[in-house]
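Before any comments, here is the structure.
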Amino acid sequence: EPEVTQTPSHQVTQMGQEVVLRCVPISNHLYFYWYRQILGQKVEFLVSFYNNEISEKSEIFDDQFSVERPDGSNFTLKIRSTKLEDSAMCFCASSFDRGPFNEQFFGPGTRLTVL
Amino acid sequence: DAKTTQPTSMDCAEGRAANLPCNHSTISGNEYVYWYRQIHSQGPQYIIHGLKNNETNEMASLIITEDRKSSTLILPHATLRDTAVYYCIVRVTGTASKLTFGTGTRLQVTL
């Protein structure tokens, strides 16, 4: 069964450093998403992406964040200058279309630890 | 998207049916009810969704009341592997819209 994959599984970085989290969505999916979950808190939406541009973003997704689909398979989340409060599980998701059956499929997540 | 209300936690004996309720009294006509679950710290997993008819798939059944103000997710024969946080989410489909997760119901399946 096709699945969303994410690398690395765990990313440790120093405050102020840039990080890039990578995702490979399901191959025929067209819509891509990033969510995060700070330990003990809700899963929060960050951004959605379609047709090589951002469709929607949350207040969390400020100028420090960017997303890119550099090739036909990868979808990346970049944080330019990490803060301690960016420590979270970061989940990538993808969906096929916008219709009634557009369930989102989530990856296993990257645990981001900012020291 | 309409707000949902779920119990904080529930217990269920293994092999029994788990019935997880959700209230969405402000749901509008074009909003679907989706259920996802999150096992430990894994990525959320889609379970089922519906508009107004009851739905069943290999994982679960979804019962939506006639007025659509509430729904129940049924896991017919719960196993220990069904221990997870279950999220009821109401959203308009037809857009690449975000999922808004609440705190969900923590289901503990016990021997």
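Numbers restart at 1 for each chain; the letters A, B, ... are given by sequence-line order, proteins then strands.
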Would the number of heavy atoms belonging to other residues, nucleotides or ligands and lying under 6.0 Å from CZ of Arg80(A) be above 12? yes
Should Leu112(A) and Val43(A) be regarded as members of a common hydrophobic cluster, given that ILVMFWY residues are connected when their side-chain heavy atoms come within less than 4.5 Å of each other, either directly or indirectly? no
Under a single-linkage definition using a 4.5 Å side-chain heavy-atom cutoff for Ile, Leu, Val, Met, Phe, Trp and Tyr, are Ile54(A) and Leu21(A) assigned to the same hydrophobic cluster? yes
Phe105(A) versus chain B, the contacting section by heavy-atom distance below 4.5 Å: neither
How far does CZ of Phe106(A) sit from CD of Gln42(B), to the nearest 0.5 angstrom? 13.0 Å
For Leu99(B) and Phe45(A), which heavy atoms make the closest approach, and how far apart are they? O-CB, 4.2 Å
Got a sec: does the CD of Glu59(A) have more than 12 other heavy atoms crowding it under 6.0 Å? no
Count the heavy atoms of every other residue, nucleotide or ligand shown that sit under 6.0 Å from CG of Leu115(A), and state whether that count exceeds 12. yes
Examine whether an atom of Gln41(A) lies under 4.5 Å from a heavy atom of chain B, and if so say whether it belongs to the side chain, the backbone or both; otherwise answer neither. neither
Could you state the interatomic distance from NZ (Lys42(A)) to OH (Tyr87(B)), rounded to the nearest 0.5 Å? 10.0 Å
Using a heavy-atom cutoff of under 4.5 Å, enumerate the residues of residues 102-111 of chain B that contact chain A, numbered in order, or state 'none'. Gly102(B), Thr103(B)
Does Leu46(A) belong to the same Ile/Leu/Val/Met/Phe/Trp/Tyr cluster as Met89(A), with side-chain heavy atoms less than 4.5 Å apart forming each link? no
For Lys52(B), what residues pass the side-chain contact (heavy atoms from CB on, under 4.5 Å) criterion, not counting sequence neighbours? Arg68(B)
Hydrophobic clusters here meaning ILVMFWY residues chained together by side-chain heavy-atom distances under 4.5 Å, can you tell me if Ile63(B) and Leu73(B) are in one? no
In one Ile/Leu/Val/Met/Phe/Trp/Tyr side-chain cluster, 4.5 Å: Ile60(A), Phe49(A): yes
Test item: Tyr36(B) side-chain N/O and Gln104(A) main-chain N/O as donor-acceptor pair under 3.5 Å: yes
